[in-house]
Amino acid sequence: MKFKSDFLQTLDERGLIHQGTNLEGLDQRLAAGVVTGYIGFDATARSLHAGSLIQIMLLHWLAETGHRPIALMGGGTTKVGDPTGRDQSRALLTDSEIDANIRSIKGAFERFLNFGAGGAIMANNDDWLSRLSYVEFLRDYGSLFTINRMLTFDSVKLRLERESPMTFLEFNYMLMQAYDFHELHRRHGCALQMGGSDQWGNIVNGVELCRRKDGAEVFGLTTPLLTTASGKKMGKTESGAVWLNADMTSAYDYWQYWRNTGDADVGAMLARFTKLPMAEVSRLAALGGAEINEAKKILATEATALLHGRPAAEEAAETARRTFEEGASASGLPTMTVSRAELDAGLPLFRAFAETGLIASNGEGRRHITAGAIRVNDVPRTHENPLTTDELVDGAIKLSVGRKKHALVRAI
RNA sequence: GGAGGGGUGGGAGAGUGGCUAAAUCCAGCAGACUGUAAAUCUGCCCGCUUCGGCGUACGGUGGUUCGAAUCCACCCCCCUCCA
C-alpha cells in the first residue's frame, strides 16, 4: 500500500502498521494538515519496558512527521485494570502507587518527545475519569454500549471461556478507554488513537463513541504484536523485563539486550527501533553469517542512543567491545566497590557475585561452580574461596557467570 | 441458602498416608557446539550449610498418626448447577 502522508509511509515501510479503521481517510487527513494522535500507557509499574517501545516510537514518528503526539498516562484506567489478554484479575494498585509510577515513567518519554508549548502533550486520564459521576456517566455513555456487543470482545470472551471471573469493574475498562478518546477529542482535537493490536477492540470503541457523541470521524491504528522470530514476546529476557528507566536496566544491559537479537529479527528490529534510513536497514539486514554481528552492534548502539543518549550508548558499545572482543575488564561493567581492608581480609566469593547481581543465591553460585560457569579474572573458579587483594588486576577483579554476564569488584 | 467440583513450586498440571523438595511440560540458568544468533545435545532449576545435614513449602488454622500435600474438623477463596 502506498501512502501520501509521511507518517503512514514511514510506519508502513518500517513494519509498524497492523490495521487501521480507515487508513485511506487517515492518510488524507494526515496529508492535509496537523493531526493530533494519542496512545495510552498503563501505570502498573515504575517503568515502562521494551514492549512499550514500539508505541513510543509511533508517537515519536508522529512528531517527526509534523503532527502532534499525546502520551496519555492511564492514571484513572490503571485504577480499574486492563483485562485485555489477562486470564485473571490483577491486583489493584493504590492511588499513591499509581501516582509514583507515573512520575517515574515520565522520564523515558522525554527522551523521545519534546513536551511543552506547541509540542507533545502529556495527559493523565485520571483528570477526567475520576470526576465522572456514576449515574450521569451511565445515562450519557452507558446507554451507547450494549452488553451484547461487549460480550463479543476477545478480552471478555477469554475470561468467559476459561471460566475465570471478570469483575464488573474490569468489564468497565473498555468504556473508560473509549471515553478517553472522546475526551481527548474534545480537549485537544485528537483524531487518532494508536496502540498494540491487542487494543483493537478498545480503540474501535473509542472511534465509535466519538462518532456517536460528537459526530466526528476519528481514526484508530494498531501495530503488530511484537514477537521475535521464535515467537517470544518482546521486552523479556532471562532476568525479567527490559526496563526503560536507567536505574532498573542500565544502558549497558539495555545495549546487551539489543546486541543479543536473533539473526532473523535484526532487520525488523532495526526498522522499528532505530531511525536509520530504510536503505541502510536493508543493507544491514542482508548481511550473512558472522557479519550480521556488525548489524547487531549498530542496532544496539542506535536503539540505546535513542533512550539513553549517544554518549551512554557508545560507552556501552565500548564496554562490550573490550569485554567480549578483547576479553579485558572494562570500566562500564556493573561494579561493586569494597574497601581495601575488606578485600585484604578476604571477600566471600558469593557475596561479591550476589551483590553485583550475577547470582541470586549461594546455592545458585555453588551450582554454577559445579557447572564450571564461574570465572574470576577469566579463570574458571572451582572452589568458593574468598576474593583477595592478590587477585586485583589494574585495581579491579573481574567476575563472570557464563559467557555473557560480567561485573567488576573494585577496591577503594 | 442448597448440591457438587476445586485451591500444589514462575506458569500449566500430576500426586490422594511413608519410596515426595513433590511426576511431566513450558519458561528460566549453566555447559558443549558457535558468531554475545538460531537449532540441537547435556546438566541444573526453594533457601541455608562446616556438605553430615538443617529450615521452610502443597489456601488458612487446629487435629488424627511413629509419619500428612495426601485423613478429620472448622474457616477463607474460586468455579458449576439449583434457590
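In what follows, chains carry the letters A, B, and so on, assigned in the order in which the sequence lines appear, proteins first and then strands, with residues in each chain numbered from 1.
- When the P atom of rA30(B) is taken as reference, atom CD of Glu364(A) falls 9 Å away, rounded to whole Å.
- No engagement by Arg375(A) is indicated, since no non-hydrogen atom pair under 4.0 Å with the nucleic acid exists.
- Straight-line distance from the CG atom of Leu287(A) to the C1' atom of rA37(B): 14 Å, rounded to whole Å.
- Nucleotides rA69(B) and rG59(B) place their C1' atoms 12 Å apart, quoted to the nearest Å.
- Between the base of rU36(B) and the side chain of Glu325(A) there is no donor-acceptor pair shorter than 3.5 Å.
- Neither OP1 nor OP2 of rU36(B) sits under 4.0 Å from any side-chain N or O of Arg322(A).
- Between rG9(B) and rC44(B), the two C1' atoms lie 16 Å apart (nearest whole Å).
- Only the C1' atoms considered, rG60(B) is 30 Å distant from rC25(B), to the nearest whole Å.
- Remark on RNA chain B: of its neighbouring residues Ala360(A) and Ala371(A), the 5'-side contact belongs to Ala371(A), judged by nearest-heavy-atom nucleotide.
- At the heavy-atom level, Ala320(A) lies under 4.0 Å from base atoms of the strands shown.
- Straight-line distance from the CZ atom of Arg259(A) to the P atom of rG35(B): 12 Å, rounded to whole Å.
- Atom C1' of rU50(B) sits at a distance of 46 Å from the matching atom of rG6(B), rounded to the whole Å.
- Nucleotides rG5(B) and rA73(B) have their P atoms positioned 14 Å apart, rounded to a whole Å.
- The number of heavy-atom neighbours closer than 6.0 Å to CG of Asp247(A), taken from other residues, nucleotides and ligands shown, is above 12.
- Atom CZ in Arg367(A) sits roughly 12 Å away from atom C1' in rG43(B) (whole-Å rounding).
- Within 4.0 Å of Thr323(A), counting heavy atoms only, lies no atom of the nucleic acid at all.
- Taking 4.0 Å as the cut-off between side-chain N and carboxylate O, Glu208(A) and Lys213(A) do not count as a salt-bridged pair.
- Remark: Ser361(A) is in phosphate contact with rC48(B), judged by side-chain N or O atoms under 4.0 Å from OP1 or OP2.
- Protein atom OH of Tyr254(A) is 18 Å distant from nucleotide atom C1' of rU36(B), rounded to whole Å.
- When Arg367(A), His368(A), Arg366(A) are each tested for a side-chain hydrogen bond (donor to acceptor under 3.5 Å, both in side chains) with Glu364(A), only one passes: His368(A).
- As rounded to whole Å, 11 Å separates atom P of rA30(B) from atom CD1 of Ile374(A).
- Between Lys405(A) and rA30(B) there is a side-chain polar atom (N or O) within less than 4.0 angstrom of OP1 or OP2.
- Residue-environment remark: CZ (Arg187(A)) exceeds the threshold of 12 foreign heavy atoms within 6.0 Å.
- Side-chain atoms of Glu391(A) do not come within 3.5 Å of backbone N or O of Ile397(A) as any donor-acceptor pair.
- Here Phe7(A) and Trp61(A) keep their ring centres 6.0 angstrom or further from each other.
- Distance, Lys404(A) NZ to rA30(B) P: 8 Å, rounded to whole Å.
- Rounded to whole Å, the separation between the P atoms of rG17(B) and rA68(B) comes to 14 Å.
- Between the side chains of His18(A) and Thr223(A), no donor N or O sits under 3.5 Å from an acceptor N or O.
- Other residues, nucleotides and ligands contribute more than 12 heavy atoms inside 6.0 Å of the CG atom of Asn385(A).
- Take the nearest nucleotide of RNA chain B for Asp263(A) and for Val401(A): the residue whose nucleotide is more 5' is Val401(A).
- Rounding to the nearest 0.5 Å places OH of Tyr179(A) at 11.0 Å from CG of Asn125(A).
- Heavy-atom distances under 4.0 Å link RNA chain B to Ile292(A), Asn293(A), Lys296(A) of residues 290-307 of chain A, given in residue order.
- Going from the C1' atom of rU20(B) to that of rU56(B) covers 15 Å, rounded to whole Å.
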message: Counting Watson-Crick and G-U wobble pairs with both distances under 3.5 Å, what is the dot-bracket string for RNA chain B, 5' to 3', using [ ] for crossing pairs and | for pairs to another strand?
response: ((((((((.[[[..)..(.....]]].(((((.......))))).(((....)))...[[[[[..)....]]]]]))))))).
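- Whole-Å rounding puts the Met269(A) CE to rU36(B) C1' distance at 16 Å.
- Every residue two or more places apart in sequence or in another chain that forms a side chain to side chain donor-acceptor pair (under 3.5 Å) with Lys297(A) is listed here: Glu294(A), Glu325(A).
- Atom C1' of rU70(B) sits at a distance of 23 Å from the matching atom of rC79(B), rounded to the whole Å.
- For rU49(B), one of the phosphate oxygens OP1 or OP2 lies less than 4.0 angstrom from a side-chain nitrogen or oxygen of Asn362(A).
- In rG52(B) the base sits syn relative to the sugar, since the glycosidic angle is no further than 90° from 0.
- For His188(A) and Tyr38(A), the ring centers are positioned 6.0 Å apart or more.
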